[in-house]
Amino acid sequence: MPSSVLARYFLVGSNPAETKYRVLKIDRTEPKDLVIIDDKHVYTQQEVRELLGRLDLGNRTKIGQKGSSGLSRAVSAFGVVGFVRFLEGYYIVLITKRRKMADIGGHAIYKIEDTNMIYIPNDSVRVTHPDEARYLRIFQNVDLSSNFYFSYSYDLSHSLQYNLTVLRMPLEILKTETTQGRQESFDIFEDEGLSTQGGSGVFGICSKPYEKYVWNAKLLEAVKSTVHRDWLLYIIHGFCGQSKLLIYGRPIYVTLIARRSSKFAGTRFLKRGANCEGDVANEVETEQILYDASVMSFSAGSYSSYVQVRGSVPLYWSQDISTMMPKPPITLDQADPFAHVAALHFDQMLQRFGSPIIILNLVKEREKRKHERILSEELVAAVTYLNQFLPPEHAIIYIPWDMAKYTKSKLCNVLDRLNVIAESVVKKTGFFVNRPDSYCSILRPDEKWNELGGYVVSTGRLQTGVLRTNCVDCLDRTNTAQFMVGKCALAYQLYSLGLIDKPNLQFDTDAVRLFEELYEDHGDTLSLQYGGSQLVHRVKTYRKIAPWTQHSKDIMQTLSRYYSNAFSDADRQDSINLFLGVFKPAEGKPHLWELPTDFYLHHKNTLSLSQTRRSYTYWWTTGVLRHLPLPFDEVTCAENRRKLVVKKFHKCEEEIDIHSEFFRPYELSSFDETFCLAMTNSTRDFMPKNVGIDPSPFTVRKPDETGKSVLGNKSNREETVLQRKTAASAPPPPSEEAVSSSSEDDSGTDKEEEGAVSQRSTPVKVTDTGDNTKITENVVQSTKDVYGVNLSDVPSEDDLSIYTRFVQLGQSQHKQDKSSQQFCSKHELDRVINLVPISSFSQDNIYEVQPPRVDRISTEIFHAHIQAGRGNMQPLGKDDFLMYREYIRNRYM
């Protein structure tokens with residue numbers, strides 16, 4: 001909440017409960033320098049009110065005149081993105097609107113909806129520059145309301161495995177790392193700290209963000225060393241989506257987080273290959289997180305995650321777009337016989353993910369004119385060279401597969417082949433889960449489960465290594481391949497949490513449809529950011545079940561991508577370079593729009609020679625090989641401990657109260673706006689609405705059977721067959737012959753609205769009787785149209801006998817109740833049957849109910865409540881005053 005006077009801005013920040021505050025003072029009299037004062041003091045609500053009141057009083061032009069107040073509120077915000085300067089003074093970028101997109105263990109993840117840029121120097125000292133407005137427009141071309149995410153208490157730049165591994169650091173190490181600052185406060189993982197043995201202390205851990213995926217690191221650089229870390233809010237760019245998978249009412253949250261690299265970032269044809277530091281274009285780390293939402297604590301809940309990566313081929317290569325061709329020729333810009341740039345790239349991956357590094361290369365292998373094959377040949381040579389020096393057990397695994405060739409073939413099923421690759425990949429890397437194997441999987445282990453790789457620890461499993469998928473653009477083919485690997489990993493994740501009996505998932509189940517929709521949103525978003533259009537080829541395209549209308553949409557997306565690449569990508573690239581601080585405006589330097597190319601901005605070795613040369617044989621960082629297959633970043637060592645900030649809290653402090661943080665009892669909120677209700681739901685959005693359908697999300701549905709199916713569309717026989725098919729052991733969907741009886745009804749399913757009932761009239765059946773009179777049957781709607789099921793003509797003998805006994809029992813009970821009043825005494829009835837009430841009602845049956853007695857205190861409370869509603873308040877007692885006094889002391893003092 002920035003408040004302002006002519007000489008300075010005051011930035012007042014609070015915790016969510018508004019019980020603790022910090023204040024920043026920003027000087028407005030400096031025309032080009034940023035002067036920020038942080039007193040590092042934590043204020044209470046009363047103290048900050050008094051402070052602002054004194055500032056308001058002291059800055060009035062005439063004491064006692066409220067209209068001439070010198071302190072006014074400028075804007076209310078949810079966080080500071082950073083500070084930026086072009087050719088004049090500094091701007092502050094604030095988040096003014098946000099929307100909750102996901103929740104991980106009680107930690108909310110928000111999407112930026114709107115921002116506000118405020119110029120800091122006041123008009124009296126402003127030094128104007130003619131090009132300032134143009135730089136401001138270029139900077140604002142990076143739409144911060146488009147797929148930028150942040151969290152106050154969860155580190156989005158790291159994976160869930162890293163974050164939870166840090167939390168399980170040995171207690172002795174935390175004691176030695178504890179900071180001693182009296183007023184230090186902090187918010188990362190403090191509500192999930194580690195309790196000390198036998199004491200009331202709790203350790204909170206804050207790790208440094210992984211700067212590769214932080215997009216506002218340069219914007220915070222000017223204040224990073226002067227303000228308290230609570231002010232530093234790191235944002236990521238990419239995608240975040242969450243859906244709820246309901247398994248017989250048990251909520252399982254499926255979350256997809258994509259982190260786009262801020263290194264060598266840009267648009268499709270302007271950023272290809274890698275730079276001199278090993279950062280590749282279009283590098284995105286995708287993490288799928290699965291957890292049981294009924295228990296949200298990191299320490300007590302069940303969490304699982306799987307990470308995979310996409311990125312351009314790590315070579316020096318580019319495409320010349322000046323020819324205005326849809327597919328410009330690929331050229332190798334520099335010779336790299338010792339695979340220097342590939343070595344830097346895979347060294348980064350070994351540090352972050354461990355081994356094995358698996359490359360799935362989807363580019364074309366056979367072409368009439370060599371185009372994509374150029375990249376394959378160079379990548380094979382680079383991997384072969386680097387593997388000479390790695391131990392065989394940690395060698396880089398290279399899997400080439402020409403996906404385009406197999407797609408054109410009528411004899412090959414693309415997804416079946418991808419499924420085989422996915423199984424082998426997940427078995428090599430494993431996945432992360434924070435709980436040990438369940439006892440039933442130990443007693444009855446699955447064959448595939450025993451072959452699973454990764455690293456097994458006492459508290460669960462760790463993923464070691466990662467799959468790196470690439471085609472030329474890393475968009476359409478890559479997204480489908482990542483979906484298939486993610487689907488395979490999802491089956492293992494569900495199995496590890498005890499939710500399915502075999503690690504296998506079939507297509508056309510509610511769970512896979514929900515996951516496919518998440519991945520398509522993920523692919524569309526990443527494709528728009530890099531290529532300028534949504535996906536051209538989707539999972540349904542490769543399954544060959546896409547409707548005919550999809551072809552026209554594919555053509556439009558291709559045209560949109562071509563237009564964006566040809567006409568708007570250059571402006572977008574300039575905006576990204578300015579936003580990320582790759583280009584910094586300065587007096588006497590050429591302007592951004594005057595540069596013929598940005599090659600020298602991204603390749604720093606062209607401006608100055610490095611003083612150290614890396615070895616051509618020992619191409620990895622020292623210490624990485626010693627800990628493989630574990631990633632070096634997650635190993636407990638002195639170098640990694642320096643990246644952590646540890647603080648000790650009392651277990652009763654407000655900062656570590658996860659209940660208040662998640663449920664926010666201090667906020668007035670609307671039930672309709674609750675995040676869980678707006679989330680995609682497998683039962684509401686994917687499960688068919690037919691009567692009698694199996695509610696399991698692992699039941700195979702017909703391809704056209706969705707959450708918008710109409711009551712009464714499916715025959716009873718088909719429902720029975722589909723209900724028997726579970727995801728663990730289900731055969732393929734019914735053949736066309738098996739469902740031909742209802743093909744006409746099913747063809748219109750998608751066109752009918754949800755919940756609508758078919759209005760087609762029932763055919764009139766005409767039969768001839770013995771006396772040649774025509775009798776019409778089924779004049780009214782059949783039970784199939786009304787209830788969605790067909791009743792058999794004659795009930796079975798077992799059903800008839802059960803129904804007969806039920807009727808006789810009812811008649812006997814009725815006769816007994818009527819005759820008892822005239823002929824039988826209560827003692828004689830007790831000998832016939834003695835019913836014991838099972839509820840608090842003394843008498844409770846189908847004929848009469850006697851409500852329980854209410855005690856005097858409850859009656860008085862109820863009467864007082866009624867009188868309060870009429871405006872007649874009861875006098876407060878001593879206990880009421882004590883309770884209110886305690887509330888005021890805890891809330892405001």
Side-chain angles (χ1 to χ4, degrees), residues 261 263-283 309-323 325 327-351 357-390 395-400 402 468-474 573 582 595-621:
S261 172
K263 310 293 184 183
F264 204 51
T267 53
R268 186 183 176 203
F269 285 130
L270 297 178
K271 285 292 163 284
R272 294 295 211 189
N275 65 4
C276 63
E277 296 179 348
D279 302 308
V280 298
N282 195 22
E283 184 173 7
V309 176
R310 69 172 69 184
S312 188
V313 180
L315 305 168
Y316 288 121
W317 65 280
S318 62
Q319 288 179 279
D320 184 11
I321 58 173
S322 61
T323 56
M325 295 171 59
K327 289 186 177 180
I330 294 174
T331 57
L332 294 174
D333 299 330
Q334 296 181 33
D336 194 7
F338 300 106
H340 175 71
V341 65
L344 290 170
H345 178 67
F346 291 122
D347 182 34
Q348 290 180 13
M349 298 190 72
L350 286 174
Q351 288 187 58
I357 302 298
I358 305 173
I359 303 171
L360 177 58
N361 186 18
L362 303 175
V363 304
K364 296 177 182 177
E365 297 287 341
R366 294 183 180 180
E367 298 172 298
K368 294 180 181 178
R369 180 174 58 87
K370 187 184 286 190
H371 181 64
E372 296 183 9
R373 189 152 52 97
I374 297 172
L375 300 177
S376 289
E377 292 172 353
E378 288 295 318
L379 184 59
V380 169
V383 172
T384 305
Y385 174 81
L386 296 176
N387 274 340
Q388 297 178 84
F389 313 107
L390 280 176
I396 300 170
I397 301 172
Y398 178 76
I399 305 175
D402 189 344
R468 185 195 190 279
T469 311
N470 72 267
C471 49
V472 177
D473 296 323
C474 303
Q573 185 66 56
V582 177
L595 297 178
T597 176
D598 65 351
F599 179 85
Y600 306 101
L601 301 177
H602 292 274
H603 294 77
K604 296 179 181 178
N605 62 351
T606 59
L607 301 177
S608 62
L609 292 175
S610 175
Q611 300 298 320
T612 59
R613 296 182 61 182
R614 291 177 66 94
S615 171
Y616 290 146
T617 55
Y618 298 99
W619 51 266
W620 51 85
T621 303

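Not counting sequence neighbours, the partners of Lys263 by the side chain to side chain contact (heavy atoms under 4.5 Å, CB included) test are Lys212, Ser261, Asp279. Applying the side chain to side chain contact (heavy atoms under 4.5 Å, CB included) rule to Thr617 yields the partners Phe389, Ser615; only residues at least two apart in sequence or on another chain are considered. The salt bridge (Lys or Arg N to Asp or Glu O under 4.0 Å) check on Glu365 picks up nothing, with sequence neighbours excluded. Every residue two or more places apart in sequence or in another chain that forms a ring pair (Phe, Tyr, Trp, His ring centres under 6.0 Å) with Phe264 is listed here: His602, His603. Listed by chain and residue number, Arg477 satisfy the salt bridge (Lys or Arg N to Asp or Glu O under 4.0 Å) test with Glu372 (two or more places apart in sequence, or in another chain). Listed by chain and number, the residues in a salt bridge (Lys or Arg N to Asp or Glu O under 4.0 Å) with Arg272 are Asp473 (sequence neighbours excluded). With sequence neighbours left out, the salt bridge (Lys or Arg N to Asp or Glu O under 4.0 Å) criterion links Asp402 to no other residue. Residues passing the side chain to side chain donor-acceptor pair (under 3.5 Å) test with Lys364: none are found, sequence neighbours excluded. Residues forming a side chain to side chain contact (heavy atoms under 4.5 Å, CB included) with Ala265 (at least two apart in sequence, or on another chain): Trp215, Ile576, Leu580. Every residue meeting the side chain to side chain contact (heavy atoms under 4.5 Å, CB included) condition with His340, not counting sequence neighbours, appears here in chain and number order: Asp336, Leu344, Arg614. For Tyr316, the side chain to side chain donor-acceptor pair (under 3.5 Å) test picks out no residue, with sequence neighbours left out. Annotation: side chain to side chain donor-acceptor pair (under 3.5 Å) contacts of Arg468 (sequence neighbours excluded): His345.
Annotation: the span from Leu390 atom CG to Ile357 atom CD1 amounts to 10.0 Å, rounded to 0.5 Å. With values rounded to the nearest 0.5 angstrom, Asn470 atom CG is found 8.5 Å from Leu375 atom CG. Here the straight-line distance linking atom CG of Leu315 with atom CD1 of Ile330 works out to 10.5 Å at 0.5 Å rounding.
For the pair Val363/Arg373, no side-chain contact is recorded, criterion being any heavy-atom separation below 4.5 Å from C-beta on. Residues Val472 and Leu362 are not in side-chain contact: their nearest non-hydrogen atoms beyond the backbone lie 4.5 Å or more apart. Contact annotation: the side chain of Trp317 approaches that of Gln319 to within less than 4.5 Å [non-hydrogen atoms, C-beta and beyond]. The side-chain heavy atoms of Leu601 and Asp598, taken from C-beta on, include a pair separated by under 4.5 Å. Side-chain contact between Ile399 and Asn361 is absent, with no heavy atoms from C-beta onward closer than 4.5 Å. Inter-residue side-chain proximity for Pro314 and Val341 is flagged as unmet; no heavy-atom pair is nearer than 4.5 Å.
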Evaluate the criterion side-chain contact (heavy atoms from CB on, under 4.5 Å) for residue pair Leu360 and Tyr398; output intermediate values, then yes/no.
-> CA-CA 6 Å; Leu360 177 58; Tyr398 178 76; over 6 Å; no
Which is it for Ile359 and Phe346 under the side-chain contact (heavy atoms from CB on, under 4.5 Å) test, yes or no, and what are the steps along the way?
-> CA-CA 10 Å; Ile359 303 171; Phe346 291 122; 3.4 Å; yes
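Contact record, Gly311 with Cys474: O-SG, 3.2 Å, taken as the closest heavy-atom pair. What you find for Asp320 and Pro328 is that their closest heavy atoms are O-CB, 3.1 Å. Between Val380 and Thr384, the shortest heavy-atom contact is O-OG1, 2.7 Å.
Judged by distance alone, the side chain of Gln388 and the main-chain N or O of Tyr385 form a donor-acceptor pair under 3.5 Å. The backbone N or O of Ile396 sits less than 3.5 Å from a side-chain atom of Asn387, completing a donor-acceptor pair. A donor-acceptor pair under 3.5 Å is absent between the side-chain atoms of Trp619 and the main chain of Asp347, judged by distance alone. In this structure a side-chain-to-backbone donor-acceptor pair under 3.5 Å is missing from Thr331 to Asp333.
For the residue pair Glu283 and Ser312, no side-chain donor N or O sits within less than 3.5 Å of a side-chain acceptor on the partner.
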